[in-house]
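Have a look at the structure below before the remarks.
Numbered from 1 within each chain, the chains take letters A, B, ... in sequence-line order.
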Amino acid sequence: MSVLVDANTRLLVQGITGKSGSFHASACKEYGTQVVAGVTPARGGEKFENTVPIFDTVAEAVSATRANASMIFVPPEFAGDAILEAADAGIQLIVAITEGIPVMDMMRVRHALEEYSCVLIGPNCPGIITPGACKIGIMPGYIHRPGHIGVVSRSGTLTYEAVWQITSRGLGQSTCIGVGGDPIHGLTLQKAVEYLHADPDTHAIVMIGEIGGSEEEEAAEYIRARVKKPVVSFIAGATAPPGRRMGHAGAIISGGKGTAQAKIEALQKAGVRVAKTLNDIGEEVMKALGK
Amino acid sequence: MNIHEYQARDLLASAGVTVPRGAVARTPEEAESIARGLPCNSFVIKAQVHAGGRGKGHFKDGFKGGVHLVKTPGQVKDVTAHMIGNTLITHQTGPEGKPVHSVLVGESTEIARELYLAIVLDRTSGCPVVVASQQGGVDIETVAEKNPEAILREIVHPGLGLQPYQARKVSIFLGFPSTGLRAPCRLLHAAYRLFIEKDCSQVEINPLAVTKGGDVVALDAKLNFDDNAVFRHKEIESLRDPSQEDPRDLAAAEHHLNYIGLEGNIGCMVNGAGLAMATLDLIQAAGGKPANFLDVGGGASEQMITAAFKLLQADPSVKAILVNIFGGILKCDILAQGMISACRSNPPRVPIIVRMQGTNVDQGRKLLKESGLPLIPAEGLMEAAEKAVAAASGKKGK
């Protein structure tokens with residue numbers, strides 16, 4: 001068992017002929033993901049790496065290949081449209097890697113998606129991986145190892161750090177999900193925690209948050225009320241100055257809201273082990289598992 | 001992206017929001033002639049900087065107040081002469097202040113009531129939200145803290161847009177009589193249209209004034225724009241004023257680096273925003289102060305690394321540099337090459353601590369070792385932060 005993706009996931013890549021799209025489509029394929037189709041308008045009929053058929057539209061790709069997940073590398077100005085196209089073609093899992101999509105576009109997309117049953121991960125995210133089975137995203141595959149720790153995070157490289165610390169201690173991951181750093185995105189931290197909690201193969205959960213917004217607090221409330229598995233957390237940005245956008249558009253403390261301190265307190269109240277520094281995540285996971 | 005008050009005022013006016021009469025001046029003479037053209041006997045002069053708190057601010061030479069009220073065009077000229085070319089310091093500018101190159105000269109309005117009106121993004125619902133309060137002219141965050149029921153938050157469906165009933169609801173909350181809803185509703189619709197059409201992240205009118213004559217006027221306004229959407233608004237891009245921005249930030253923007261200048265002395269170069277934030281936290285946990293936030297991005301090229309390195313080296317407050325990279329898309333050997341070429345063209349003047357992990361880490365470490373450059377390697381995160389703090393305070397690292 002795992003969350004959202006496994007060895008049976010059939011991936012299509014929107015923007016497969018672009019620089020990042022082709023690089024990462026290749027890397028996912030190499031990792032063992034079933035990359036069944038690519039989509040680039042006006043490039044239909046061509047083949048990616050001589051094997052993966054390219055289509056003009058997502059609908060064509062789905063009917064020809066039964067793709068059920070999409071990874072999006074389309075440039076920011078067209079990415080909102082690409083997400084809607086995937087949803088409309090019946091794709092169940094949409095992973096939007098693209099960084100820099102205008103907020104207004106994501107606002108409309110998020111509302112339009114309420115009409116569909118699909119799950120959107122991202123945008124501006126590293127993607128999702130079930131080690132040894134399926135990688136959809138830009139994370140380096142080799143740092144992962146199949147196991148029982150579920151990881152969810154708002155940041156890419158911070159996820160890699162956490163995963164690396166877990167792998168270095170001889171443990172592995174069930175599924176790792178990066179929900180993305182934009183203020184408006186699809187899958188929330190709480191929803192990801194719900195999935196991981198429901199997965200019998202996940203024995204402990206690591207949730208990595210950062211300043212800005214209130215998703216960590218919402219997840220904390222859910223954990224307090226429902227989650228029986230051990231949860232370890234880390235919040236980045238404890239020393240960030242207020243009012244400045246710290247790289248991620250969503251990482252900003254405004255009007256005294258969204259501070260690391262408030263998030264840490266909410267998590268501690270929910271019985272979560274909060275790592276003091278980034279360096280301590282692996283150690284806290286070991287403690288949480290009684291090792 | 002920020003713009004000046006006079007630019008925000010012009011955008012609001014062209015969207016259909018009533019603003020006081022006035023214009024921007026870049027010289028004392030221009031200010032005087034604008035004042036002569038205004039049909040009133042009391043004038044407001046406002047220094048144009050990208051910061052709030054101007055009224056209570058002071059200039060570098062001791063001249064008090066970034067906002068003045070005077071009676072004659074001659075006085076307008078005198079006050080403008082004090083402001084232009086001077087530097088205004090407010091609680092938002094930091095001790096170095098912001099340069100004043102222009103002033104807004106306007107008619108002084110007789111105010112009956114001061115209100116607050118803003119349109120911002122509500123992250124939880126993913127919708128625009130209209131924020132309104134009868135307590136205008138003060139900091140809305142203070143109102144939110146002390147008197148939260150004095151604030152109305154009206155969420156707008158992004159597909160439907162602001163509905164007439166919502167505009168009426170907001171106007172009634174703001175204390176307009178049911179027979180006088182037309183002007184505030186029209187203003188609110190105009191402001192909402194501007195918010196959507198120009199991809200704003202914030203439209204804030206504070207105060208929104210009701211004049212003694214009964215007009216509804218945007219006395220002061222602040223507009224912010226979504227940086228991700230500026231590409232489709234060339235007219236907004238052209239309003240950028242580089243003199244109001246930190247020169248370090250400008251240099252970084254030129255190379256598409258994500259940079260924020262801070263007050264400390266340890267320069268940081270990190271890939272990924274989350275890791276960059278966590279690195280600042282680590283430095284402070286180790287007892288140091290970071291000089292900047294710098295995210296070179298997940299897929300940085302050798303040229304970007306070189307540019308980032310030059311930027312850190314050029315900052316006189318930087319006493320040590322901490323490079324913290326987790327190689328995913330950005331491979332460690334590419335990072336190493338970028339650092340080596342930057343150091344060759346620009347020999348390091350401060351100690352450099354390098355901690356890297358991830359893709360091609362062995363090749364990267366080998367390249368750095370063989371380069372013969374005086375780089376201090378670190379394996380662990382805390383170890384790297386501690387070495388950087390020691391180096392910045394002048395103690396010798398290992």
**Prompt:** Taking B:Asp281 for the side chain and A:Ala238 for the main chain, is one N or O donor matched with an acceptor at less than 3.5 Å?
**Reply:**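 The answer is yes, because a donor-acceptor pair under 3.5 Å joins these two groups.
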**Prompt:** Short question: side chain of A:Arg110, backbone of B:Ser125 - any donor-acceptor pair under 3.5 Å?
**Reply:**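 Answer holds: yes.
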Using heavy-atom distances under 4.5 Å, tell me whether [X] contacts chain A through its side chain, its backbone, both, or neither.
X: B:Leu262; result: side chain
X: B:Leu282; result: side chain
X: B:Pro290; result: neither
X: B:Phe231; result: side chain

Chain B contact via [X] - which portion, at a heavy-atom distance below 4.5 Å:
X: A:Ile184; result: side chain
X: A:Thr239; result: both
X: A:Ile208; result: neither
X: A:Glu161; result: both

**Request:** Kindly write out the residues that satisfy ring pair (Phe, Tyr, Trp, His ring centres under 6.0 Å) with A:His111, not counting sequence neighbours, or none if the list is empty.
**Result:**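 Here the qualifying residues are B:His157.
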Exceeds 12 heavy-atom contacts within 6.0 angstrom, atom [atom1] of [X]:
X: B:Gln92; atom1: CD; result: yes
X: B:Glu237; atom1: CD; result: yes
X: B:Glu145; atom1: CD; result: no
X: B:Lys289; atom1: NZ; result: no

Restricting to non-hydrogen atoms, name the atom on [X] and the atom on [Y] that form the minimum distance, rounded to 0.1 Å.
X: A:Gly237; Y: B:Met277; answer: CA-SD, 3.9 Å
X: A:Leu158; Y: B:Leu275; answer: CG-N, 3.6 Å
X: B:Gly327; Y: A:Pro140; answer: O-CG, 4.0 Å
X: B:Thr124; Y: A:Ser214; answer: OG1-OG, 3.8 Å
X: A:Thr277; Y: B:Ala285; answer: CG2-CB, 4.3 Å
X: B:Ala229; Y: A:Pro102; answer: CB-CB, 3.8 Å

How long is the gap from [atom1] on [X] to [atom2] on [Y], to the nearest 0.5 Å?
X: A:Met104; Y: B:Glu197; atom1: CE; atom2: CD; result: 10.0 Å
X: B:Met382; Y: A:Lys276; atom1: CE; atom2: NZ; result: 11.5 Å
X: A:Thr157; Y: B:Ile325; atom1: OG1; atom2: CD1; result: 8.5 Å
X: B:Asp226; Y: A:Ile101; atom1: CG; atom2: CD1; result: 11.0 Å
X: B:Asn324; Y: A:Leu278; atom1: CG; atom2: CG; result: 8.0 Å

Report yes if the side chains of [X] and [Y] come closer than 4.5 Å at any heavy-atom pair, otherwise no.
X: A:Met106; Y: B:Asn228; result: no
X: A:Val103; Y: B:Ser201; result: no
X: A:Met107; Y: B:Leu121; result: yes

**Request:** Could you label the plane-to-plane angle of the B:Phe326 and A:Trp164 rings as parallel, tilted or perpendicular, counting under 30° as parallel and over 60° as perpendicular?
**Result:** perpendicular
**Prompt:** Can you tell which of A:Met139, A:Arg154, A:Glu77 has the highest number of heavy-atom pairs within less than 4.5 Å of chain B?
**Reply:**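 Winner by heavy-atom pair count: A:Glu77.
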**Prompt:** Relative to chain A, which of B:Asn258, B:Asp199, B:Ile260 shows the most heavy atom pairs under 4.5 Å?
**Reply:**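 Top count of heavy-atom pairs under 4.5 Å with chain A: B:Ile260.
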